[in-house]
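Just so it is clear, the structure is predicted and the values come from calculations on it, not from any experiment.
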Amino acid sequence: MNSSVAAQIGPILPWLDLFGIAVFAATGALAATRHQQTIVTATFFALITGVGGGTVRDLLIGAPVFWVHDASVASLCLGMSAIVWITPEHWWSDRTFAWLDALGLAAYAAFGAAKALGYGIPPVPAAVMGVVTACVGGIIRDVLAGEPSILMRPELYVTAAALTASLYVLLSLLGLPPYVAGLASATAGFALRGAAMIWKWGLPAYRGGKN
């Protein structure tokens, strides 16, 4: 990692990144176990969900694909799938799944935007890279599991990722340290996603010009 990227990311954001990876990996493994799949399938789901968004981000911004060069990332995903596999099923309710996903979404969106800025990506595309980082893994998970995609759900999801990534970029442009911008933006995105789950907030659907 070059010095400009390291300066933009700072010492705290990599922990947000690892947290997001771990949480998304857990949701991937849970998606497989819900369908009564094998440990091999659960492990694959954990890996593809954990690294999917970050892989697409790195390819788009011209960075080395992070998990290919860091064995700990794949090991983390494998470890999360093992934890899901050996723990009691009642620990992983739909509500737990949703809150874990919300935590991962916020953490990963902040880190994705930070890494994009560190690679010299302009502010608006950098915010988009935060959304890509946070959402693509979940999209892949849902498609492979045969579940309705997160993109097709009415409640705020991508919007929460967009808030996190945009706020991170804005706070960075204002000169806040990366760890302050990261924690503040991730907290805001998680709060919005949590509120959307509790109160069923959602954006209005297209009505085709109907009254």
J.: Got a sec, which pairs hit ring-ring contact (aromatic ring centres under 6.0 Å, His included) with one end in residues 23-62, sequence neighbours left out?
T.: F24-Y108
J.: Which pairs count as side chain to side chain donor-acceptor pair (under 3.5 Å) when at least one residue sits in residues 120-132, sequence neighbours excluded?
T.: none
J.: What is the minimum heavy-atom distance between V158 and C135, and which atoms define it?
T.: CG2-SG, 4.0 Å
J.: Distance from L105 atom CG to T133 atom OG1, nearest 0.5 Å?
T.: 10.5 Å
J.: With sequence neighbours excluded, what pairs up with V68 under the side chain to side chain contact (heavy atoms under 4.5 Å, CB included) test?
T.: V65
J.: What distance separates D17 CG from L76 CG, expressed to the nearest 0.5 Å?
T.: 9.5 Å
J.: Would you please test W15 and F111 for ring-ring contact (aromatic ring centres under 6.0 Å, His included) and show each step?
T.: CA-CA 9 Å; W15 292 103; F111 181 83; over 10 Å; no
J.: What closest approach, in Å, do P123 and V169 show between heavy atoms, and which atom pair accounts for it?
T.: CB-CG1, 3.6 Å
J.: Partners of T33 by side-chain hydrogen bond (donor to acceptor under 3.5 Å, both in side chains), sequence neighbours excluded?
T.: none
J.: What closest approach, in Å, do G189 and T164 show between heavy atoms, and which atom pair accounts for it?
T.: CA-OG1, 3.0 Å
J.: Can you sort out the partners of S93 under side-chain hydrogen bond (donor to acceptor under 3.5 Å, both in side chains), two or more places apart, ordered by chain and number?
T.: T96
J.: Can you list everything that forms a salt bridge (Lys or Arg N to Asp or Glu O under 4.0 Å) with R57? Sequence neighbours excluded, please.
T.: none
J.: For D101, what residues pass the side-chain hydrogen bond (donor to acceptor under 3.5 Å, both in side chains) criterion, not counting sequence neighbours?
T.: R141, Y157
J.: Sequence neighbours left out, what passes side chain to side chain contact (heavy atoms under 4.5 Å, CB included) with A195? Give chain and number order.
T.: W199, W201
J.: Looking at every non-hydrogen atom in both residues, tell me the closest pair between A46 and C77 and how far apart they are.
T.: CB-O, 3.7 Å
J.: So, taking the atom named OG1 in T55 and the one named CD1 in I48, what distance separates them when rounded to the nearest 0.5 Å?
T.: 7.0 Å
J.: Do you reckon L78 sits in the same ILVMFWY cluster as L100, going by side-chain contacts under 4.5 Å, direct or chained?
T.: no
J.: Considering residues at least two apart in sequence or located in another chain, which fulfil the side-chain hydrogen bond (donor to acceptor under 3.5 Å, both in side chains) criterion with T87?
T.: W92
J.: Can you name the nearest heavy-atom pair linking T49 to G138, along with the distance?
T.: CG2-N, 4.4 Å
J.: Kindly work out whether a path of hydrophobic side-chain contacts (I/L/V/M/F/W/Y, heavy atoms less than 4.5 Å apart) joins Y168 to V124.
T.: no
J.: What pair of heavy atoms forms the shortest contact from A110 to G182, and how long is it?
T.: CB-O, 4.0 Å
J.: Roughly how far, to the nearest 0.5 Å, is OG of S166 from CG of L171?
T.: 10.5 Å
J.: Without hydrogens or angle criteria, can the side chains of T38 and T41 be said to hold a donor-acceptor pair below 3.5 Å?
T.: yes
J.: Tell me whether L163 is reachable from M197 by hopping between hydrophobic residues (I, L, V, M, F, W, Y) whose side-chain heavy atoms are closer than 4.5 Å.
T.: yes
J.: Clusters formed by hydrophobic residues whose side-chain heavy atoms approach within less than 4.5 Å: which one holds I86, and what are its other members?
T.: I39, V40, W85
J.: Roughly how far apart are L47 CG and I21 CD1, rounded to 0.5 Å?
T.: 10.0 Å
J.: Could you give all pairs that pass the side chain to side chain donor-acceptor pair (under 3.5 Å) test and reach residues 181-192, with sequence neighbours left out?
T.: none
J.: Go through the structure and list residues passing side chain to side chain contact (heavy atoms under 4.5 Å, CB included) with A116, not counting sequence neighbours.
T.: I61, I121, A126, M129
